[in-house]
Amino acid sequence: MEQTINQIIYWSRYTSKIGRFYLAATINGLCFMGSPNKGIEELENWANKRFPTYELVQDDKRLEPYKQELEEYFIGERRTFSMPVDVEGTPFQMKIWAALKEIPYGETITYSQIANMINKPSAVRAVGTAIGRNPLLVSVPCHRVVGKDGSLTGYRGGLEMKKSLLQLEQKQGRH
């Protein structure tokens, strides 16, 4: 059976001041941003679970617009992303990921506040699980969610990355 263009996930490496990442996109938009300095295995494992029939194809040129927006963010020239995205999740996950995009640049909110935003105040643990499955670190800003006491809690990219992103945004937010 012949592979169609719709069954391809294009990928590329992107290096920023906080590490090297693997990015992936379908023809419809960015679908994955890896954790800093993790190998391509993270991308392969994610793709095998989410899109087992798709082929991974390196295409640096196709991922260039995504890299450009990320670069603008990392140097403090971009606060929101306009890049198209192509993420799949349960209806609950999609609701959580949409709520994450509502958190203003440079601000943080708690898991409880996210649960309240979606009118599920008792679903704090489920909110945390959905946030942990966010495939788009940075552009879907799960780094802006903190513990009830303001502490930095779980983040797929690691707590150092979370801290770096929050510091970048808070520094830029003061200008």
Side-chain angles (χ1 to χ4, degrees), residues 9 14 16-19 21-26 28-38 42-43 45-47 49-51 66-67 69-175:
I9 295 177
Y14 165 69
S16 78
K17 63 185 180 181
I18 63 169
F21 302 89
Y22 283 89
L23 302 177
T26 65
N28 297 316
L30 191 68
C31 61
F32 180 79
M33 179 176 182
S35 303
N37 304 315
K38 293 274 178 133
E42 182 188 28
L43 169 60
N45 290 336
W46 170 85
K49 285 179 189 161
R50 298 295 291 169
F51 300 99
Y66 304 105
K67 293 179 190 180
E69 282 202 12
L70 285 166
E71 187 60 26
E72 290 166 3
Y73 169 84
F74 283 118
I75 62 173
E77 293 177 359
R78 175 174 290 279
R79 292 175 179 227
T80 60
F81 293 93
S82 61
M83 62 179 83
V85 299
D86 186 11
V87 293
E88 289 184 9
T90 66
F92 183 79
Q93 288 171 333
M94 297 300 283
K95 190 179 278 193
I96 298 301
W97 300 339
L100 294 174
K101 290 181 175 183
E102 301 300 316
I103 307 168
Y105 181 94
E107 295 182 21
T108 59
I109 68 172
T110 66
Y111 294 91
S112 299
Q113 288 173 301
I114 292 279
N116 287 329
M117 283 173 68
I118 63 158
N119 297 316
K120 301 266 186 206
S122 63
V124 177
R125 285 181 191 255
V127 164
T129 300
I131 290 171
R133 294 211 172 104
N134 169 22
L136 297 179
L137 296 180
V138 183
S139 61
V140 175
C142 51
H143 60 277
R144 296 179 188 155
V145 182
V146 297
K148 193 177 277 190
D149 62 359
S151 62
L152 299 188
T153 58
Y155 184 63
R156 180 170 56 88
L159 293 183
E160 276 305 307
M161 179 181 176
K162 185 171 189 166
K163 182 179 175 182
S164 295
L165 294 174
L166 291 173
Q167 287 174 341
L168 168 83
E169 291 185 7
Q170 288 160 356
K171 184 176 102 181
Q172 292 303 322
R174 288 194 279 274
H175 289 116

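This chain uses plain numbering: 1 for the first residue, then up along the sequence.
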> Once you round to the nearest 0.5 Å, how far does CD1 of Ile109 lie from CD1 of Ile103?
Replying inline: 4.0 Å
> Can you name the closest pair of heavy atoms from Phe92 and Ala126 and give their distance?
Replying inline: CE2-O, 3.5 Å
> Applying salt bridge (Lys or Arg N to Asp or Glu O under 4.0 Å), which residue pairs with at least one partner in residues 147-161 are found, sequence neighbours left out?
Replying inline: Glu42-Arg156
> Rounded to the nearest 0.5 Å, what separation is found between the NZ atom of Lys67 and the CE atom of Met83?
Replying inline: 12.0 Å
> Yes or no on side chain to side chain contact (heavy atoms under 4.5 Å, CB included) for Gln93 and Val87, after CA distance, side-chain angles and deciding distance?
Replying inline: CA-CA 10 Å; Gln93 288 171 333; Val87 293; over 6 Å; no
> Rounded to the nearest 0.5 Å, how far does CG of Leu166 lie from CE of Met161?
Replying inline: 10.5 Å
>> Testing the basics here: between Leu136 and Cys31, what is the closest heavy-atom pair and its distance to 0.1 Å?
In response: CD2-C, 3.5 Å
> Quick one: does Thr110's side chain get under 4.5 Å of Val145's, heavy atoms only?
Replying inline: no
>> For Lys162 versus His143, what's the shortest heavy-atom pair and its separation?
In response: CE-O, 3.2 Å
> Taking all atoms of both residues into account, what is the closest heavy-atom pair of Asn134 and Trp97, and its distance?
Replying inline: CA-NE1, 3.6 Å
> Who are the side chain to side chain donor-acceptor pair (under 3.5 Å) partners of Glu72, not counting sequence neighbours?
Replying inline: Gln68, Arg78
> Can you tell me how far NZ of Lys120 sits from CD1 of Ile96, rounded to the nearest 0.5 angstrom?
Replying inline: 9.5 Å
> Who passes side chain to side chain donor-acceptor pair (under 3.5 Å) against Ser122, sequence neighbours left out?
Replying inline: none
>> Restricting to side chain to side chain contact (heavy atoms under 4.5 Å, CB included), what partner residues turn up for Glu71, sequence neighbours left out?
In response: Tyr14, Ile75
>> Which label fits Phe74 and Phe21: parallel for a plane angle under 30°, tilted from 30 to 60°, or perpendicular past 60°?
In response: parallel
> For Gly19 and Pro36, which heavy atoms make the closest approach, and how far apart are they?
Replying inline: CA-CB, 4.5 Å
> Out of curiosity, Tyr66 OH to Leu30 CG, how far, rounded to the nearest 0.5 Å?
Replying inline: 6.0 Å
>> I'd like to check Asn28 versus Pro84 (side-chain heavy atoms, cut-off strictly below 4.5 Å). Are they in contact?
In response: no
> Can you tell me how far the CG atom of Leu168 sits from the NZ atom of Lys17, to the nearest 0.5 Å?
Replying inline: 5.0 Å
> Would you say the side chain of Leu23 lies within less than 4.5 Å of the side chain of Leu70, judging by non-hydrogen atoms?
Replying inline: yes
>> Under the criterion side chain to side chain contact (heavy atoms under 4.5 Å, CB included), I'd like the reasoning laid out for Lys163 against Gln167: C-alpha separation, chi angles, the key distance, then a yes or no.
In response: CA-CA 6 Å; Lys163 182 179 175 182; Gln167 287 174 341; 3.4 Å; yes
> Nearest heavy-atom pair of Val140 and Leu100: which atoms, and what distance?
Replying inline: CG1-CD1, 3.7 Å
>> For residues 80-91, which residue pairs pass the side-chain hydrogen bond (donor to acceptor under 3.5 Å, both in side chains) check, not counting sequence neighbours?
In response: Thr26-Asp86, Glu69-Ser82
> By side chain to side chain donor-acceptor pair (under 3.5 Å), which residues pair with Ser112, not counting sequence neighbours?
Replying inline: none
> Do Thr153 and Tyr111 have side-chain N/O donor and acceptor atoms under 3.5 Å apart?
Replying inline: yes
